[in-house]
Amino acid sequence: MPACVLPDDLAFGSFDPLRDPPAVHVLLRRAYASGGGEVADFDTWWPGLLSDPEFDPGLVFLVSDGAELAGVAQCWTSGFIKDLAVRADLRGQGIGTALLARCFSAFVARGLETVSLKVRGDNPAAERLYRRIGMIDA
């Protein structure tokens, strides 16, 4: 399992479904703006997430610098990593790896034996990250 280490000025935070969805949505939209995924407008995205039977707020992992969201990983209860995004100016500092470690730990605690995800062809950086931590094509 990868290390769960963040740069000194960043910290993990708990997801609050009453406070955090707008910031998570903005980060996802910005992260996917140049490829790698897509996110519907907020009024479609948030109700869709809430109504999905695999959504669990306890499987949304946040990293922030105290003032602004730096990264997010949103997972399904089945062991699927639905979204992983890191703010563009903070990429390459281990935030994605640390978020994945949090996801894996949560899945192990829930008794899950496998983790899955999808990567679009227009997102080679994500593919490199997943291969670097040992994920394989299935």
Side-chain angles (χ1 to χ4, degrees):
M1 186 170 340
C4 195
V5 179
L6 290 170
D8 289 338
D9 56 341
L10 299 176
F12 284 102
S14 298
F15 177 75
D16 179 340
L18 299 176
R19 177 194 67 217
D20 296 323
V24 168
H25 184 259
V26 167
L27 179 62
L28 291 173
R29 292 287 292 244
R30 288 180 180 161
Y32 294 148
S34 60
E38 55 192 47
V39 180
D41 64 275
F42 184 82
D43 291 335
T44 302
W45 171 79
W46 182 234
L49 209 56
L50 281 175
S51 67
D52 194 295
E54 285 204 65
F55 176 70
D56 178 346
L59 289 174
V60 180
F61 305 99
L62 306 178
V63 171
S64 77
D65 61 9
E68 189 177 349
L69 196 57
V72 62
Q74 195 270 303
C75 305
W76 289 144
T77 57
S78 62
F80 184 80
I81 299 171
K82 182 182 180 314
D83 288 298
L84 176 73
V86 174
R87 216 169 69 203
D89 63 315
L90 296 174
R91 291 180 186 152
Q93 298 184 41
I95 298 166
T97 301
L99 281 164
L100 288 170
R102 278 285 166 114
C103 297
F104 298 160
S105 292
F107 292 148
V108 167
R110 290 172 179 241
L112 298 170
E113 296 181 8
T114 60
V115 175
S116 61
L117 54 82
K118 292 181 183 177
V119 180
R120 288 180 33 161
D122 62 348
N123 196 351
E127 189 172 337
R128 284 191 302 274
L129 168 63
Y130 300 136
R131 288 191 191 287
R132 187 172 62 248
I133 64 162
M135 296 190 83
I136 58 171
D137 294 334

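These numbers were taken from a predicted model, which means no experiment stands behind them.
Between R110 and D56, at least one side-chain nitrogen of the basic residue sits less than 4.0 Å from a carboxylate oxygen of the acidic one, meeting the salt-bridge criterion. Salt bridge status for E68 with R87: present, with a side-chain N to carboxylate O gap under 4.0 Å.
You'll find the side chain of R102 stays beyond 4.5 Å of the side chain of V63, heavy atoms only. A heavy-atom distance below 4.5 Å is found between the side chains of P17 and W46. Between V26 and R30, some side-chain heavy-atom pair lies under the 4.5 Å cut-off. P7 is listed as a side-chain neighbour of I95, based on a closest heavy-atom distance under 4.5 Å.
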Problem - Worked verdict on F15 versus L59 for side-chain contact (heavy atoms from CB on, under 4.5 Å) - result: CA-CA 9 Å; F15 177 75; L59 289 174; over 6 Å; no
Practice task
Would you please test V72 and D83 for side-chain contact (heavy atoms from CB on, under 4.5 Å) and show each step?
Solution key: CA-CA 8 Å; V72 62; D83 288 298; 5.8 Å; no
Exercise for the section: Would you sort out whether F80 and L112 count as a side-chain contact (heavy atoms from CB on, under 4.5 Å), showing the intermediate values? Expected result: CA-CA 10 Å; F80 184 80; L112 298 170; over 6 Å; no
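Of all the heavy atoms in L69 and S64, the pair that sits closest is CA-CB, 4.2 Å. Scanning all heavy atoms of the two residues, the minimum distance from S14 to D20 falls at O-OD2, 3.5 Å.
Taken to the nearest 0.5 Å, the CG atom of D65 stands 13.5 Å off from the CG atom of D8. If you take CZ on F55 and OG1 on T77, they are separated by 11.0 Å, rounding to the nearest 0.5 Å. Put simply, CZ on F61 and CG on L99 are 9.0 Å apart, with the number rounded to the nearest 0.5 Å. In this structure, CG in L28 is found 9.5 Å from CG in L84, a value given to the nearest 0.5 Å. Put simply, CG on D16 and CG on L62 are 9.5 Å apart, with the number rounded to the nearest 0.5 Å.
The aromatic rings of W45 and H25 are tilted relative to each other, their planes meeting at an angle between 30° and 60°.
Between the R29 side chain and the V24 main chain, no donor and acceptor come within less than 3.5 Å of each other.
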